[in-house]
Amino acid sequence: MPKHRHPAILSTDLSASLTLNRIQMGRRRSNRIALNSAVGLSGHDRQKSSFTMTAKATNLNRHGAVIQLHRELAVGSVLAVRNTRGTQVSARIVAQLAAREGIPAYAIEFVEQDDGARDFWGITFPPKS
């Protein structure tokens, strides 16, 4: 099985289609910041087993991040993501990335772009260049 796969459109949902098109075209809505943050994740893995665990978020951006965790997740699934301040938002898995240090990595985007999501990381992002 290849370590890097392009996401497939799993539904006819317009936001999923837009996300796929943006990934394929290499466009970003906001700049990434090379910071790490511990997050709590809850959801269902690829085998449909529920889980709650901590994970590492890297490459933070205004709309999501890359998460690393010892679980196999399905592209298109939605997780609950909690920061260290207790704020919780929903995030969709938009791509499976190459494993980092042997740990599976996934690109996530926040489902809603409300105040909770905009302030989720507790940092100010530079304007998109």
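All values derive from a computational prediction rather than experimental measurement.
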Side chain to side chain donor-acceptor pair (under 3.5 Å) filter on Thr58, not counting sequence neighbours, yields Arg100
Taking side-chain contact (heavy atoms from CB on, under 4.5 Å) as the test, write out the residues that go with Gln88, two or more places apart.
Ala80, Arg82
Verify, without hydrogens or angle tests, whether Tyr106 (side chain) and Leu73 (backbone) share a donor-acceptor contact under 3.5 angstrom.
yes
Partner set under salt bridge (charged side-chain N to carboxylate O under 4.0 Å, His left out) for Arg118, not counting sequence neighbours:
Asp115
If you link I, L, V, M, F, W and Y whenever their side-chain heavy atoms are under 4.5 Å apart, who else ends up in the same group as Val111?
Val78
Where do Ala65 and Ala57 come nearest, in terms of heavy atoms and distance?
CB-CB, 4.3 Å
Determine, step by step, whether Val66 and Ile108 satisfy the side-chain contact (heavy atoms from CB on, under 4.5 Å) criterion, reporting the C-alpha distance in whole Å, the side-chain angles of both residues, the deciding distance to 0.1 Å, and the verdict.
CA-CA 6 Å; Val66 171; Ile108 63 168; over 6 Å; no
side-chain contact (heavy atoms from CB on, under 4.5 Å) assessment of Leu69 paired with Met53:
CA-CA 8 Å; Leu69 70 158; Met53 64 190 307; 3.8 Å; yes
What residues, two or more places apart in sequence or in another chain, satisfy ring pair (Phe, Tyr, Trp, His ring centres under 6.0 Å) together with Phe120?
Phe110
State whether the side chain of Trp121 and the backbone N or O of Leu60 hold a donor-acceptor pair below 3.5 Å, judged by distance alone.
no
Please confirm whether the backbone N or O of Ala117 pairs with a side-chain atom of Asp114, one donor and one acceptor, at under 3.5 Å?
yes
Determine whether Val81 and Ile103 fall in the same hydrophobic cluster, where Ile, Leu, Val, Met, Phe, Trp and Tyr are linked whenever their side-chain heavy atoms lie under 4.5 Å apart.
no
So, taking the atom named CD1 in Ile93 and the one named CD1 in Ile67, what distance separates them when rounded to the nearest 0.5 Å?
4.0 Å
Acceptor/donor pairs from residues 36-45 side chains to any protein atom, 3.5 angstrom cut, sequence neighbours excluded:
{"residue": "Ser42", "atom": "OG", "partner": "Thr52", "partner atom": "OG1", "Å": "3.2"}
{"residue": "Asp45", "atom": "OD1", "partner": "Gln47", "partner atom": "N", "Å": "3.0"}
{"residue": "Asp45", "atom": "OD1", "partner": "Lys48", "partner atom": "N", "Å": "3.2"}
{"residue": "Asp45", "atom": "OD1", "partner": "Ser49", "partner atom": "N", "Å": "2.9"}
{"residue": "Asp45", "atom": "OD2", "partner": "Arg71", "partner atom": "NH1", "Å": "2.7"}

Given side chains that start at C-beta, do those of Ser77 and Arg92 come closer than 4.5 Å, heavy atoms only?
no
